[in-house]
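Scroll down for the structure; my scribbles are underneath it.
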Amino acid sequence: MRLVFLGEDTVNGGSPTLFATDRDTYVVQGWKVPGDADSVEIPDRLLAHLEPGTRLGAALLDTGRHAYRLCGPRVEDADALAQMDIPGHETAVEADKIRTDEANGPADR
């Protein structure tokens with residue numbers, strides 16, 4: 001899987017990062033959620049780096065700390081992991097990329 005860097009938000013010693021993939025998905029690198037290997041926590045500001053006209057295809061749980069928790073398949077692809085710098089307190093999950101039409105909601109594909 002190839003990644004395209006979209007942006008990061010460095011806060012509190014971490015660097016949550018957003019990538020687009022060659023599979024028309026997003027990879028979201030964020031803080032590990034204790035007891036849940038398939039979830040990450042990210043600052044709300046990271047969402048500003050989503051590609052225009054898209055949204056994450058994952059439910060976002062507001063933590064009440066200007067952050068969201070999201071769940072998705074953990075990234076285990078060796079090529080993708082080699083393109084990322086993931087500190088020990090972070091992990092990455094993959095989320096669908098949903099294309100939207102501002103006037104009508106999700107676009108038909």
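- Not one N or O on the side chain of Lys32 forms a donor-acceptor pair closer than 3.5 Å with the backbone of Glu41.
- No more than 12 heavy-atom neighbours from other residues, nucleotides or ligands sit within 6.0 angstrom of CG on Asp85.
- Residues passing the side-chain contact (heavy atoms from CB on, under 4.5 Å) test with Asp36 are Val33, Asp38, Ser39, Arg69, sequence neighbours excluded.
- Between Leu60 and Asp44 there is no side-chain heavy-atom pair separated by less than 4.5 Å.
- Taking each heavy atom of Arg74 and Ala37 in turn, the nearest pair found is CD-O, 3.4 Å.
- Ile42 and Pro16 make their closest contact through CG2-CB, 4.4 Å (heavy atoms, listed as atom of the first residue, atom of the second, distance).
- A pairwise comparison of heavy atoms in Leu56 and Ala95 identifies CD2-CB, 4.0 Å as the closest pair.
- Between the NE2 atom in His66 and the CG atom in Asp9 there is a gap of 12.5 Å [rounded to 0.5 Å].
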Let me see the working for Tyr68 and Asp62 under side chain to side chain contact (heavy atoms under 4.5 Å, CB included), right down to the final yes or no. CA-CA 5 Å; Tyr68 291 105; Asp62 189 340; 4.0 Å; yes
Please assess Thr21 against Arg2 for the test side chain to side chain contact (heavy atoms under 4.5 Å, CB included), listing each intermediate value before the final yes or no. CA-CA 6 Å; Thr21 75; Arg2 283 190 350 195; over 6 Å; no
What's the verdict on side chain to side chain contact (heavy atoms under 4.5 Å, CB included) for Leu47 and Arg45, showing C-alpha distance, side-chain angles and the deciding distance? CA-CA 5 Å; Leu47 299 176; Arg45 296 179 305 266; over 6 Å; no
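- Cluster partners of Phe5, by chain and number: Met1, Leu3, Phe19, Val27, Val75, Leu81, Met84, Ile86. The rule joins Ile, Leu, Val, Met, Phe, Trp and Tyr whenever side-chain heavy atoms lie under 4.5 Å apart.
- Looking at heavy atoms from C-beta onward, Pro87 lies out of side-chain contact with Trp31 at the 4.5 angstrom threshold.
- Criterion: ILVMFWY side-chain heavy atoms under 4.5 Å apart, direct or through other members. Under it, Leu18 and Ile98 are not part of a common hydrophobic cluster.
- Side-chain contact between Leu70 and Val93: present, with at least one pair of heavy atoms (C-beta onward) separated by less than 4.5 Å.
- Side chain of Thr100 to main chain of Gly53: a donor-acceptor pair is present (N/O by atom type, distance under 3.5 Å, no hydrogens or angles).
- Leu6 places none of its side-chain heavy atoms less than 4.5 Å from the side chain of Leu50.
- A donor-acceptor distance shorter than 3.5 angstrom exists from the side chain of Thr17 to the backbone of Ser15, with no hydrogens or angles considered.
- Exactly one of Glu94, His49, Glu51 qualifies for a side chain to side chain contact (heavy atoms under 4.5 Å, CB included) with Tyr26. That residue is Glu51.
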